[in-house]
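Reckoned from all heavy atoms, side chains included, excluding hydrogens, waters and symmetry mates. Both counts, for ligands and for their atoms, begin at 1 and track the order of listing. The structure presented is a predicted model; accordingly, all values stated were derived computationally and were not measured.
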Amino acid sequence: MKVLEAQFVTSAVDARGIPADGIPHIALVGRSNVGKSTVINALVRSPLARTSAAAGKTRLANLYRVSVDGGAGGAGRWSVYLADLPGYGYARGGSDSVIELARIAAAYFEDADATRRERSSTARYRVAGVLHLVDSRHPGLAPDIEAANWLDATGLTRVLVATKIDKLSRAERAKNLGELERKLGMAALPISARGGEGLDDLWRLIANLSRQP
Ligand code: GDP
């Protein structure tokens with residue numbers, strides 16, 4: 001698998017600003033500072049997404065279009081939008097955070113094709129999956145649990161990704177991944193945008209989700 005081209009397309013302020021050209025979307029969601037921008041940069045292998053400095057500035061979604069050759073699903077060129085949604089978790093307390101996520105992300109998810117089973121005739125674009133990023137150092141935070149529940153209610157496919165795994169010792173890693181699975185209802189894919197661990201697996205996941213009709 002090879003990234004052929006990656007570009008920043010737009011910073012949408014409302015759902016109408018989101019491109020609907022048949023290319024599937026993969027949405028990235030997580031608490032602010034979870035490492036979302038760093039993961040995007042690591043996936044596309046160029047510093048397209050600003051890190052830290054831009055925290056909290058995203059209005060609805062920053063869209064990156066990536067063209068890839070090969071990978072899971074066989075040979076050939078394919079494209080995907082990585083949709084970087086604003087980080088939640090500024091507000092204190094779990095329930096505030098999920099209201100915040102609903103507020104910022106609902107407009108994006110509203111126009112999305114929620115499930116493969118029930119194609120909505122009004123959907124403008126297909127969200128092939130949601131990457132829910134959580135910090136591997138803090139498993140099971142209330143805002144993350146509430147966000148997971150909220151995302152599940154949208155009917156979209158959610159994948160759990162544990163970031164900054166390089167920061168943990170071997171023992172902490174096993175403990176935290178276990179706790180994450182218990183509290184968030186599924187095993188997390190551990191990744192390190194810094195060291196590179198798990199990024200090939202993450203691309204495989206993205207390909208599997210995006211390359212299905
Ligand atoms: P965002 O707000 O979710 O976009 O988070 P950023 O991508 O800006 O990252 C927040 C901070 O975490 C920055 O200081 C990054 O350098 C750091 N960071 C992100 N990913 C990793 C990682 O995989 N390993 C380590 N050690 N630090 C990371």
- Item | Any donor-acceptor N/O pair, D84 side chain to N62 backbone, under 3.5 Å |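 Not a single qualifying donor-acceptor pair exists.
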- Task: Kindly say whether the aromatic ring centers of W150 and F109 come within a distance under 6.0 Å.
- Result: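 Close enough - the centres of the two rings lie under 6.0 Å apart.
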- Message: Any nitrogen or oxygen of T38 lying under 3.5 Å from a nitrogen or oxygen in ligand 1? Just yes or no.
- Response: yes
- Query: Do any nitrogen or oxygen atoms of A193 come within less than 3.5 Å of a nitrogen or oxygen of ligand 1?
  - Reply: yes
- Query: Is V34 touching ligand 1 with its side chain, its backbone, both, or neither, if touching means heavy atoms under 4.0 Å apart?
  - Reply: both
- Query: Is ligand 1 under 4.0 Å from a heavy atom in the side chain of K167, in the backbone, in both, or in neither?
  - Reply: side chain
- Query: Heavy-atom contact under 4.0 Å between S192 and ligand 1?
  - Reply: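 Yes, that is the case, since the closest heavy atom of the residue is under 4.0 Å from the ligand.
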- Item | Heavy-atom gap N33 to ligand 1 smaller than 4.0 Å |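 N33: in contact with ligand 1 (<4.0 Å).
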- Task: Could you tell me which non-hydrogen atom of R173 sits nearest to which non-hydrogen atom of P190, and how far apart they are?
- Result: NH2-CG, 3.8 Å
- Message: Does any part of the side chain of L4, heavy atoms only, come nearer than 4.5 Å to the side chain of W78, both counted from C-beta?
- Response: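 Side-chain contact under 4.5 Å: no.
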- Presence of salt bridge, E197 and K164, under 4.0 angstrom: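 No salt bridge links K164 with E197.
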